[in-house]
Structure formats: structure tokens, C-alpha cells
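Just below is one structure, and these are the notes that go with it.
Predicted model, so just to flag it, every value in this text is computed and none were measured.
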Amino acid sequence: MDNKENVDIIVLNGVRVPYTITKMKRKSLSMKMNREGILDVRVPKRVSKKYTMDFVTKNSEFVIEVYKNWKSQKENRITYTPTEEYKYREEARRRCSVKATEYAKNLGVAYNQIRIKDQHTRWGSCSTKHNLNFNWRLVLMPEYILDYVVAHEVAHLIEMNHSAKFWKVVETLYPDWQEARAWLKSNGQKYM
């Protein structure tokens, strides 16, 4: 069982960084910035707080850089009201259904259900039961991004992996997939 302390603040070169210490069964120390902008310092159970804070201080340049990147992403993130989100979900359901039906027909395959989700790390997924899941935020992006993500997930109905064979299937559905994938990697985070 993990033993987590409350959120505290450390000042590194004038930058106030919130952090928690999580004591757990492990051999080494590690740090990770969570979604809320809190540095999670994970340490072996027997490590002292002084040793832990020395570790954070020694890595202050890294910590400051990661924290500033998180703040920058937060400031550039797009926000939505619940009413807007509801409308976007309905639009996502409609548009993803139309595209999925078209792509599945082109491949001669069938999917079970389409679900629109509030995912924080994925744009889409395909289950082994042939359910297609899509992030509602896709409707906020250029149309070709939604087209690519739907093609990607429908291709998983044939290949449940990311092998060369899988990418060939994606290419038959959406030839410009590489451009869309690159855009999503560069710009997608601000929509999450």
C-alpha cells in the first residue's frame, strides 16, 4: 500500500512548486508531474524526508523545467462549459458514427457500439468486443483529425496492434494519416 503525504510547497530558484511524497515498495526515487501540476516524488518506504528533499533540490533544473512546461500547457488549454461539452458530445457521436460506418463498410467489417468518452490520455480506442470509443474533443479539431482517428480505430477491427500491416489498413482508409498523426502529436495536448 502506498503512503502519500499531503501537498506541500518547495521553492527552487524562486519558483514555488507544489509536491507530494509517496512512499512505496520500490528501490529508487523518481519524480513525475501529475495532471494537477503537483510534483509526485516516489520514494522507497525507508527513505527520509531530508534525503528526498535533497534529491529534489539536486534535480531542481529538471523540476523547474517540467513545472514551467505544465504551467504553459495549462495556460494554453482550451476550456468548456458543461452545456458546450454536451453539445460537443452529441456532435462527436453523430460525426464519428457516420465516418465509422463508412470506413467499416469500405473494409467489409462491422463494429458493435460507438461510445463517446471524456478520455484524458486517448483520442480513441477499439475493444476486443469491437466497440469503438472516441474522445468528444475530436469535434473541436480540424475535420481531417477526426477522420484520421476514426480510420485508425476502425483499422483495429482488422489488426489489434500497431504493426506495419495495421498502418497499411489505416492508409487504405485515410492516405494522409501521417500528416494528421503529426498534427495531433503537436497540437492535441491543448485540447485535453
Side-chain angles (χ1 to χ4, degrees), residues 1-82 84-86 88-89 92 115-128 131-141 145-146 148-149 152-153 156 160-163 166-167 178 180-192:
M1 187 170 153
D2 296 349
N3 182 11
K4 187 173 257 187
E5 291 187 14
N6 292 330
V7 176
D8 208 344
I9 302 286
I10 185 169
V11 179
L12 301 168
N13 297 334
V15 178
R16 296 173 51 85
V17 179
Y19 73 92
T20 59
I21 298 173
T22 305
K23 293 195 172 208
M24 51 197 325
K25 189 175 179 179
R26 61 181 300 140
K27 293 182 180 182
S28 61
L29 286 82
S30 71
M31 297 181 285
K32 178 177 135 178
M33 190 67 63
N34 71 18
R35 250 187 247 139
E36 290 80 35
I38 299 168
L39 182 71
D40 185 15
V41 185
R42 296 173 180 215
V43 301
K45 288 188 178 200
R46 296 177 195 240
V47 170
S48 69
K49 185 166 184 176
K50 181 183 179 340
Y51 186 87
T52 302
M53 299 319 294
D54 286 346
F55 171 75
V56 173
T57 303
K58 282 179 192 169
N59 292 285
S60 62
E61 284 183 33
F62 167 78
V63 173
I64 291 167
E65 181 182 341
V66 169
Y67 183 66
K68 285 183 175 179
N69 283 343
W70 174 85
K71 278 186 86 168
S72 171
Q73 286 180 357
K74 182 181 178 207
E75 289 163 6
N76 292 323
R77 217 168 271 143
I78 301 165
T79 58
Y80 324 92
T81 67
E84 289 172 324
E85 182 179 333
Y86 175 78
Y88 292 141
R89 281 176 177 271
R115 294 184 179 125
I116 303 302
K117 296 189 170 191
D118 186 22
Q119 298 160 306
H120 294 282
T121 58
R122 292 179 170 204
W123 297 112
S125 62
C126 176
S127 74
T128 54
N131 292 322
L132 301 176
N133 304 302
F134 298 103
N135 191 315
W136 64 266
R137 293 171 182 86
L138 287 170
V139 297
L140 303 170
M141 300 176 193
I145 301 302
L146 182 138
Y148 157 67
V149 173
H152 181 114
E153 299 314 329
H156 280 308
M160 286 294 281
N161 55 52
H162 289 107
S163 65
F166 165 79
W167 291 110
Q178 290 172 317
R181 187 173 186 225
W183 186 95
L184 204 50
K185 282 187 174 189
S186 298
N187 301 289
Q189 192 58 38
K190 69 181 175 185
Y191 291 90
M192 284 297 194

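Within a 6.0 Å sphere centred on CZ of Arg122, heavy atoms belonging to other residues, nucleotides or ligands number 12 at most.
Judged by distance alone, the side chain of Asn34 and the main-chain N or O of Gly37 form a donor-acceptor pair under 3.5 Å. The backbone N or O of Leu39 lies less than 3.5 Å from no partner atom in the side chain of Lys32, so there is not a single donor-acceptor pair.
Remark: Ser127 OG to Glu153 CD distance equals 10.5 Å, nearest 0.5 Å. Summarising the geometry, atom CG belonging to Leu138 is positioned 7.5 Å from atom CG belonging to Leu184; distances are rounded to the nearest 0.5 Å. Note that CG of Asn135 and CZ of Arg89 are 8.5 Å apart. Values are rounded to the nearest 0.5 Å. Tyr67 contributes atom OH, which lies 12.0 Å from atom CG of Asn69 (distance to the nearest 0.5 angstrom). The structure places CZ of Phe55 at 7.0 Å from OG of Ser30, a figure rounded to the nearest 0.5 Å. Remark: His152 NE2 to Arg181 CZ distance equals 7.5 Å, nearest 0.5 Å.
Among residues two or more places apart in sequence or in another chain, the salt bridge (charged side-chain N to carboxylate O under 4.0 Å, His left out) test is passed with Arg137 by Asp118. Judged as a side chain to side chain contact (heavy atoms under 4.5 Å, CB included), and not counting sequence neighbours, the contacts of Lys117 are Arg115, Gln119, Asn133.
Between His162 and His156, the ring-plane angle classifies as perpendicular under the 30° and 60° cut-offs.
For the pair Glu61 and Glu65, the minimum side-chain heavy-atom distance is 4.5 Å or more. The shortest distance between side-chain heavy atoms of Thr22 and Val43 does not fall below 4.5 Å. In this structure, the side chains of Ile10 and Thr57 come closer than 4.5 Å at one or more pairs of heavy atoms. Contact of the Pro18 side chain with the Asp8 side chain is not registered, since no non-hydrogen atoms from C-beta on lie closer than 4.5 Å. Counting heavy atoms from C-beta outward, Phe166 and Met160 have side chains that stay 4.5 Å or more apart. Residues Asp40 and Met31 are not in side-chain contact: their nearest non-hydrogen atoms beyond the backbone lie 4.5 Å or more apart. Residues Asn6 and Thr20 are not in side-chain contact: their nearest non-hydrogen atoms beyond the backbone lie 4.5 Å or more apart.
Ion pair Lys58/Asp54 not flagged as a salt bridge, since none of the NZ, NE, NH1 or NH2 atoms sits closer than 4.0 Å to an Asp/Glu carboxylate oxygen.
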Yes or no on side-chain contact (heavy atoms from CB on, under 4.5 Å) for Asn13 and Ile64, after CA distance, side-chain angles and deciding distance? CA-CA 8 Å; Asn13 297 334; Ile64 291 167; 3.7 Å; yes
Criterion side-chain contact (heavy atoms from CB on, under 4.5 Å) on Val17 and Val56, from CA distance to verdict: CA-CA 11 Å; Val17 179; Val56 173; over 6 Å; no
